[in-house]
Peer 1: 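Below is a structure I'd like to ask you about.
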Amino acid sequence: MIDGMARSKLKRPDSRLPITLDLLKNIIKILQAFCNSRYEAVLFSNAFPIGFFAFLRVGACGREGSIEAYHAIKIENVEVTIHYIKIYLASSKTDQLGRGTSICVARQSDVRWNLSGQEVSVWIVGSSLIRNAFVHARSRTGGVNLGLHRIGVKIWWQGYGGMGLKDLESTIKRLMKYEKTPKYLVLHIAGNDLGKTK
């Protein structure tokens, strides 16, 4: 009853900010000023991005002896390769029975660039299908960047009705007059050439 009364009281608005990529970068930059040692700074500068990109709960990083220690990630459950970091969660807040699950965080140069403040440019070029996909993407949750803006990806959609292989070179040259060369180029083309080429 007392607990119910406590919950019924008006609570102050939560002033905490969600962790965004920009905020994560700023936190990592100032770790040296708040940590007791360089070891701690390096520890947290690696733990925070892994927690961010793997969507981990705070409890997964709980220290030994804490309430969350039961759900904490253990060193033997972490596999590091040149391509990814694989984390096995033996249990979690949403897995109280301990069925366990694995999470892979891909090692990508784009992510490292992003943490240093650089943007990754992606062009998607093609026929009217690309133009229509862009229109649909604008109304979706992830937006025109397909939710990849959180790791610094910026997508430039360029769809032209009736575009064929013969138009590809001139189109790319024209686009390069307005934007810098992208890191990635995604092409969806030649659908309009079906039945026209031998």
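Since the structure is predicted, the reported quantities are computational estimates derived from the model, not experimental observations.
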Peer 1: Counting only heavy atoms not in E169, do more than 12 fall under 6.0 Å of its CD?
Peer 2: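 It does not: E169 CD has 12 such atoms or fewer within range.
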Peer 1: Are I130 and Y184 connected in a single hydrophobic cluster, I mean Ile/Leu/Val/Met/Phe/Trp/Tyr linked by side-chain heavy atoms less than 4.5 Å apart?
Peer 2: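 Yes: a chain of side-chain contacts under 4.5 Å links Y184 to I130.
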Peer 1: Is the closest side-chain heavy-atom distance between K183 and V153 below 4.5 Å?
Peer 2: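 Side chain of K183 against side chain of V153, heavy atoms only: no contact under 4.5 Å found.
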Peer 1: Any idea which heavy atoms bring L31 and A41 closest together, and the distance?
Peer 2: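 Nearest heavy atoms, L31 then A41: CD1-O, 3.8 Å.
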Peer 1: How about N77 and I87: do any of their side-chain heavy atoms sit closer than 4.5 Å?
Peer 2: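 The answer is no, as the side chains (C-beta and beyond) never meet within the 4.5 Å cut-off.
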Peer 1: Do you know the tightest heavy-atom contact between Y88 and G100?
Peer 2: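 So the two residues come closest at OH-CA, 3.5 Å.
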Peer 1: Classify the ring geometry of W123 against W156: parallel below 30°, tilted from 30° to 60°, perpendicular beyond 60°.
Peer 2: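 Correct class here is perpendicular.
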Peer 1: Do I27 and V42 belong together in a cluster built from hydrophobic side chains that touch within less than 4.5 Å?
Peer 2: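 Shared cluster, no.
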Peer 1: Is the shortest side-chain heavy-atom distance between I85 and E79 below 4.5 Å?
Peer 2: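 SC-SC contact between I85 and E79 ruled out.
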Peer 1: To check you understand the geometry: which heavy-atom pair defines the closest contact between G164 and I189, and what is its length?
Peer 2: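 For G164 and I189, the tightest heavy-atom pair comes out as O-CD1, 3.4 Å.
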Peer 1: Measure across C104 and K86 and return the closest heavy-atom pair with its distance rounded to 0.1 Å.
Peer 2: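 Shortest heavy-atom separation between C104 and K86 comes out as SG-CG, 3.8 Å.
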Peer 1: Looking only at heavy atoms, what is the nearest atom pair of F134 and V144, with distance?
Peer 2: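 F134 and V144 have their closest heavy atoms at CE1-CG1, 3.4 Å.
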Peer 1: So which atom in S128 and which in G161 form the shortest heavy-atom distance, rounded to 0.1 Å?
Peer 2: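 In terms of heavy atoms, the two residues are closest at CB-CA, 3.9 Å.
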